[in-house]
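Just so you know, ligand 1 is whichever comes first in the structure, and atom 1 is the first atom listed for that ligand. What you see is a predicted model, and the numbers here were worked out from it, not measured in a lab.
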Amino acid sequence: MTNNKTILNWLEEMKELVTPDNVVWIDGSEEQIEDLRRQACETGEMIKLNQEKLPDCYYHRTAVNDVARVEGRTFICSKKEEDAGPTNHWMDPEKAYKMLFDIARGSYKGRTMYVIPYSMGPIGSPLAKIGVEVTDSIYVVLNMSIMTRTGQKVLDVLGDSTDWVKGLHCKVDIDEEKRYICHFPEDNYIISVNSGYGGNVLLGKKCFALRIASYQAKNEGWMAEHMLILGIENPQGEVKYVCAAFPSACGKTNLAMMIPPEGYREKGYKVWTVGDDISWMRQGPDGRLYAINPENGFFGVAPGTNMKSNPNALISTQKGTIFTNVGRNLDDNTVWWESLDKNPPVNAQEWKGADVNGPEFIAEGNKLAHPNSRFTAPAKNCPCISPEFDKGEGVPVSAIIFGGRRPDTVPLVYQSRSWDAGVFVGSVVGSETTAAAAGAVGVVRRDPMAMLPFCGYHMGDYFQHWIEMGEKLGDKAPKIFNVNWFRTDADGHFIWPGFGDNFRVVEWILKRCEGKVDAVETPIGFVPKAEDINLEGLEDFSIDTLKDILVVDKAAWAKEAEGIEEFYKQFGDKLPAALKEQLAALKEACK
Ligand code: GTP
Ligand code: SPV
Ligand code: MN
């Protein structure tokens, strides 16, 4: 399929290492995919779902100890430990290669080695990059075929170039202590062993498009970010784009596909989805920042997705989708997860595979779907997929939005005074942890730019790169905002209705970008005047409640500043002076 020497040589090495019985190249054809689906069903790796209700949809369960990303077992293997920085686990590359190759040695014996050439971004786009993943898992092949653009065309575009990323996946032992997700940024190499969970094994996604790409982006002067990309069309037909970085399971897919509230739709407002998880951005010829979505599908959180919260996501999953670790309805061979609807199937199977009576099982406090169960759906299924989705040059970004889950302190929305102030805001994003990664849930931790688990180098250098991008973009830089959909009341209920109603906040953000609305200056930046957020048609939500969640409490922020100071200590000399100044200014303003 290719004459590219660097690929062919590496594959020879891989064959010698993992000793497969045969080698199959993924060519990008529908026939090949169909054949692989059939094989996976024969071995029980996948279950074919009801083809009338869910055409070309399949079901898969991972091992029960392998259901989320494992940050404690994820390593950046740079030559110098310092280059991985204080927020990453580091392993010496020589040691890591040896250990991983020892694990991989002979592991494909009696099995097939699948070679997946894939493009992150539209094939041939100036912003796209290419990778090759080898795996013996058909589940991985089928997921990669949804999440990325794969096959012959990718190799044709690559030609003899050496600019591609190696990825080796194998699973010989499901013991968590033997699981390693290792990245070698200086070698463009990823090795993932002993996991079968998406974020650990679909190597184009977090491993390449964020950890490796963030390092490439720093060296090449662009940005690889954990951000959705969303287009908002006004009644005049003008479309403005925003990117938003929220930590895992904090609302990117939902915001990326939201439906404008009633009233807006009638006036002609529309939302277009460009991406729901990752944004690659480069300065364009006109000096503005342009974004592409490197992915070709959605690897989305299933629980909570329903016709009310996110109809566009649900519709996206109705064909050609792989469901992982959700519950099953055994009566009609479909899928179910918490809050899909109010009727859990009686004759059901929970995510670990046990047959249960759904309603009884749930009444006893159990869940049919794992909280981090996921769907892998083709982007083209999304009813609001942007007409610009495949556009190689990307879309111009008007605003960057940061956010996290904060029950208190952080207002619904505010705008930073400047680019540097915005970098400061991004660098101190706090959020309650979620089921997307193994470990405790609901603990507030700092997750800079939602990149804590995904930055492939020293976080202090990453902050500096952000500052430099701002210098390069100058007055063409996107404006930077922060949002918090997750303020709770005394009973722990979310105050802001969220979901489609977030459109009201994005509307204010765009008005700010266009200079069409003024704001109130506070110690943290510009907060809306309550009357400037349109609440029309919003039932049971008063302007007084809105005022409550727009308040900037100086005492709380003085405490926040102390926490930030503590958090910043780990970066030492690498903390950019601009951020030190921002922190000093916040402390001063909160006095
Ligand atoms: P990853 O795929 O892990 O990166 O997650 P994500 O950021 O795309 O999060 P997603 O949109 O899948 O949302 C995760 C959870 O947050 C779901 O359970 C949603 O129901 C919930 N959620 C999303 N948006 C809102 C919102 O505006 N308000 C509230 N209260 N919950 C929300
Ligand atoms: C996330 O955890 O941010 C995800 C899912 O988008 S995973 O692919 O597992 O990283
Ligand atoms: Mn994500």
Regarding ligand 1, does [X] bring an N or O atom to under 3.5 Å of one of the ligand's N or O atoms?
| X | value |
| --- | --- |
| D277 | yes |
| D276 | no |
| G251 | yes |

Lys NZ or Arg CZ of [X] over [Y] ring: under 6.0 Å, within 45°:
| X | Y | value |
| --- | --- | --- |
| K270 | W272 | no |
| R211 | F454 | no |
| R405 | F486 | yes |

Which ligand 2 atoms are under 4.0 Å away from a heavy-atom of [X]?
| X | result |
| --- | --- |
| A436 | 2 (O) |
| Y197 | 5 (C), 7 (S), 9 (O) |
| S248 | 1 (C), 2 (O), 3 (O) |
| D277 | 6 (O) |

Sequence neighbours left out, cut at 3.5 Å: what donor-acceptor pairs do the side chains of residues 241-249 make with other protein atoms?
{"unit_1": "S248", "atom_1": "OG", "unit_2": "R69", "atom_2": "NH2", "d": "2.9"}

Quick test of your reading of the structure: of [options], whose heavy atom lies closest to [atom]?
| atom | options | result |
| --- | --- | --- |
| atom 32 (C) of ligand 1 | F298, W485, F499, W496 | F499 |
| atom 1 (C) of ligand 2 | K206, H226, R374, K252 | K206 |
| atom 17 (C) of ligand 1 | A256, G199, P303, P247 | P303 |
| atom 3 (O) of ligand 1 | R374, K252, M258 | R374 |

R69 versus ligand 2: do any nitrogen or oxygen atoms come within less than 3.5 Å of each other?
yes
Go through the side-chain N and O atoms of [X] and [Y] and say whether any donor and acceptor fall under 3.5 Å apart.
| X | Y | value |
| --- | --- | --- |
| D66 | S195 | yes |
| S416 | N482 | no |
| N296 | T148 | no |

In the protein, what heavy atom is nearest to atom 30 (N) of ligand 1, and what distance, to one decimal place, separates them?
F494 CD1, 3.3 Å
Distance from atom 19 (C) of ligand 1 to nearest protein heavy atom, with residue and atom:
N254 ND2, 3.7 Å
Side-chain touch K129/W280, heavy atoms, less than 4.5 angstrom
yes
Could you check if a side-chain atom of W485 sits within less than 4.5 angstrom of a side-chain atom of V505, using non-hydrogen atoms only?
yes
Between [X] and ligand 1, which part of the residue brings a heavy atom under 4.0 Å of the ligand: side chain, backbone, both or neither?
| X | answer |
| --- | --- |
| N502 | side chain |
| T305 | neither |
| C250 | backbone |

Proximity of Y58 and F323 rings by center, below 6.0 Å:
no
Using the six-membered ring wherever Trp is involved, compare the ring planes of Y457 and Y462 and label them parallel, tilted or perpendicular (cut-offs 30° and 60°).
perpendicular
Mutual orientation of the aromatic rings belonging to W496 and F541 [parallel < 30°, tilted 30-60°, perpendicular > 60°]
perpendicular
State plainly whether the residues R149 and D390 are in salt-bridge range, i.e. N to O under 4.0 Å.
yes
Taking a cutoff of less than 4.0 Å between a non-hydrogen atom of the residue and any ligand atom, is R405 in contact with ligand 1?
yes
Non-hydrogen atom of A249 closer than 4.0 Å to ligand 1:
yes
So the angle subtended at the Mn ion (ligand 3) by D277 atom OD1 and K206 atom NZ, rounded to 10 degrees, is 110°
Measure from the Mn ion (ligand 3) to every N/O/S atom of H226 and report the name of the nearest one.
NE2
Where on F454 is there a heavy atom closer than 4.0 Å to ligand 2, on the side chain, on the backbone, on both, or on neither?
side chain
